[in-house]
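The structure presented is a predicted model; accordingly, all values stated were derived computationally and were not measured. Within every chain, numbering begins at 1; the chains are lettered A, B, ... in the order of the sequence lines, protein sequences first and strands thereafter.
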Amino acid sequence: MKNEWPLWEVFIRGQHGLSHRHVGSLHAPDAEMAIKNARDVYTRRNEGVSIWVVKAADIAASSPSDKGPLYEPSQSKVYRHPTFFDIPEDVGAM
Amino acid sequence: MYAQMIKTASTGVKSREEMSEEERRFQDRIDAGEKIEPKDWMPDDYRATLIRQIGQHAHSEIVGQLPEGNWITRAPTLERKAILLAKVQDEAGHGLYLYCAAETLGVSRDELTEDLLSGKMKYSSIFNYPTLTWADIGAVGWLVDGAAIMNQVPLQRTSFGPYSRAMIRICKEESFHQRQGYDIMMKMANGTPEQKRMAQDALNRFWYPSLMMFGPSDKDSVHSAQSMAWKIKINTNDELRQKFVDQTVPQAEYLGLSVPDENLKWNEETGHYDFSQPDWKEFFDVIKGNGPCNVDRMAARNKAWDDGAWVREGLMAHARKRAARVAAE
């Protein structure tokens, strides 16, 4: 039987209230060990206050070839950005 | 550099006409400074070369723990021991970041480990030299980590996303390594005459092996040209070696130590130091397995892997059993 420990992706939330962020991956036999290993590998310098681990095999990802259909439609919708609208200076901060 | 003599899997740089449509698009992305990510299309040779390069880099971090680990139990103070322990732990971490980056290219961790243990894959020649005195720990941090930084800083801009991200993390941590080494050297160089002699002796023994870390001159190498076109190699070996010498010589002067090279001289015209090349015959000999510590290093890695087998298997069996129990409930 194959004995290589499964691969886990590691997400860390830093000190300043931002979302968990992907920092890398590691091998561990189970979730508990994955969190312990993540603490040693990815938080040696106070990088985080919370760790998530997810089995790499359980992550579904978009495919690079879908880049066009997925992201191009938003390119033409410039009105979604506030700078699209000219507000006269007299109106003040908005 | 921790990856030396990486044989680029290619027959040289192709002209645009020789490239397939896919290869052209791939090269355009690299030229535009885009990062290549694991699921993107890439030429087989790019993938193979990167697995070799990142794998060798990872192996070097792991084997590199051995010469320093040698002094953890004998560090002169509790503070030095704690610092060295943290430094060696970082090296393990660096190895792990890099193995993960290599694995995104489709090679497994076990394959990489087995290739190291069988001798099929190499690690940097520098770790086949012994650390005989405490001053060697200073010299390793100052010179060996200094040379590694020289190479790793430009690699933060490498074209392969996971490799670049691993390099960014590593570079952030590496500067602690070099400074703790130089701190040891300062203490020794300003200590008793005997301590100063030890510091000089460490510099004498580690100077040329450190210059070898950048690998032999590659200015005419077609392999190197392809790796540079792919942005998995950013500078030539000679450029980095020169930069290292220029940076390190004044640091040695500050310590009051002399670099063991009678040809070392500031060259007003070039704005660089002239220096002697290391003994390349010795380098190739060490790479072939005949350095002072090759046998010890490989034996230590093999023993660690074999002795740890029951732990790896036991924990996996436990995890499977528990998962099965949860599934049955």
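Taking a 6.0 Å sphere around CD of A/Glu89, one finds it holds 12 or fewer heavy atoms contributed by other residues, nucleotides or ligands. When the shell of 6.0 Å around NZ of B/Lys303 is examined, it contains 12 or fewer heavy atoms from other residues, nucleotides or ligands. The neighbour count for B/Asp44 CG, taken as heavy atoms of other residues, nucleotides or ligands under 6.0 Å away, does not exceed 12. The number of heavy-atom neighbours closer than 6.0 Å to CD of A/Gln15, taken from other residues, nucleotides and ligands shown, is above 12. Enclosure of atom CZ in B/Arg179 is not indicated, since only 12 or fewer non-hydrogen atoms of other residues, nucleotides or ligands lie within 6.0 angstrom. Heavy atoms of other residues, nucleotides or ligands lying less than 6.0 angstrom from CZ of A/Arg21 number 12 at most. More than 12 heavy atoms of other residues, nucleotides or ligands sit less than 6.0 Å from atom NZ of B/Lys39. The number of heavy-atom neighbours closer than 6.0 Å to CZ of A/Arg45, taken from other residues, nucleotides and ligands shown, is above 12.
Contacts between A/Glu9 and chain B at a heavy-atom distance below 4.5 Å are absent for every atom of the residue. Heavy-atom distances place no part of A/Ala28 under 4.5 Å from chain B, backbone and side chain included. Interface residue B/Glu173: backbone and side-chain heavy atoms are both found under 4.5 Å from chain A. With a 4.5 angstrom heavy-atom cutoff, B/Thr104 does not touch chain A via any of its atoms.
Atoms CH2 and CE, on A/Trp5 and B/Met316 in that order, are 9.0 Å from each other to the nearest 0.5 Å. Between A/Leu7 atom CG and B/Tyr99 atom OH the span is 14.5 Å, to the nearest 0.5 Å. Atom CG of residue B/Leu315 and atom CD of residue A/Glu32 lie 10.0 Å apart, to the nearest 0.5 angstrom.
Between A/His27 and B/Glu103, some side-chain heavy-atom pair lies under the 4.5 Å cut-off. Proximity of A/Glu4 to B/Ser108: side-chain heavy atoms (C-beta onward) are separated by under 4.5 Å at one or more points.
Put simply, of B/Gly93, B/Ala319, B/Cys100, the one with the most heavy-atom pairs under 4.5 Å next to chain A is B/Cys100. Taking chain A as the reference chain and counting heavy-atom pairs below 4.5 Å, the highest number among B/Arg322, B/Arg165, B/His318 is found for B/Arg322. Among the candidates B/Glu313, B/Lys172, B/Arg169, the residue making the largest number of heavy-atom pairs closer than 4.5 Å to chain A is B/Arg169. No other option in B/Asp90, B/Leu96, B/Thr113 has as many heavy-atom pairs under 4.5 Å with chain A as B/Asp90.
In summary, A/Asp30 and B/Lys321 do not engage in a salt bridge, as defined by a charged side-chain N under 4.0 Å from a carboxylate O.
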